[in-house]
Amino acid sequence: MDIIQLRKKIHEYVDQADDRFLTLITGMIEADKSSDWWDELHPNLKDSLDRALEQSKRGEGRPHKEVMSEIKSKYLK
């Protein structure tokens, strides 16, 4: 099926669709139009996250379980 046939099929379906389906499609359209959350982040935060990811890839991190254990032992006495 080429794109023209696909568009025609979708148009025909939408013309006959109930309110529930139209609401779902509208939600999909709005989600597609909205920007990516990454684009909304401050540049400094993006840089920090990128550095953290690179550090993690190099094995320069600590496991979450280890950090949480340390915090619990320090603050939950």
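What you see is a predicted model, and the numbers here were worked out from it, not measured in a lab.
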- Task: Inspect the surroundings of CD1 in I4 and state if more than 12 heavy atoms from other residues, nucleotides or ligands are less than 6.0 Å away.
- Result: no

- Note on the structure: NZ (K46) and CD (E40) are apart, to the nearest 0.5 Å, by 8.5 Å

- Could you check I71 against L76 for side chain to side chain contact (heavy atoms under 4.5 Å, CB included), going step by step and ending with a plain yes or no? CA-CA 8 Å; I71 289 172; L76 298 177; over 6 Å; no

- Got a donor-acceptor contact below 3.5 angstrom from the S69 side chain to the K65 backbone? no

- Message: Quick check for you: to the nearest 0.5 Å, what is the distance between Q16 atom CD and F21 atom CZ?
- Response: 11.0 Å

- Checking side chain to side chain donor-acceptor pair (under 3.5 Å) against R62, which of H64, E66, E60 comes through? E66

- Task: Would you indicate whether the side-chain heavy atoms of H11 and K8 approach each other to under 4.5 Å?
- Result: no

- Message: Please determine whether residues V14 and I3 belong to a single hydrophobic cluster, defined as Ile, Leu, Val, Met, Phe, Trp and Tyr linked transitively by side-chain heavy-atom distances below 4.5 Å.
- Response: yes

- Could you tell me whether the side chain of D50 reaches within less than 4.5 Å of the side chain of E54, counting heavy atoms only? no

- Atom CD1 of I10 and atom CD of Q5: how far apart are they, to the nearest 0.5 Å? 12.0 Å

- Item | Atom CG of D2: over 12 foreign heavy atoms under 6.0 Å | yes

- Any chance you could measure W38, atom CH2, to L45, atom CG, to the nearest 0.5 Å? 7.0 Å

- Inter-residue atom distance M28.CE - K33.NZ, 0.5 Å rounding: 13.5 Å

- One should read off an interatomic distance between I29 CD1 and L24 CG, to the nearest 0.5 angstrom, of 11.0 Å

- Message: Looking at S48 and N44, would you say the former's side chain and the latter's main chain have a donor-acceptor pair under 3.5 Å?
- Response: no

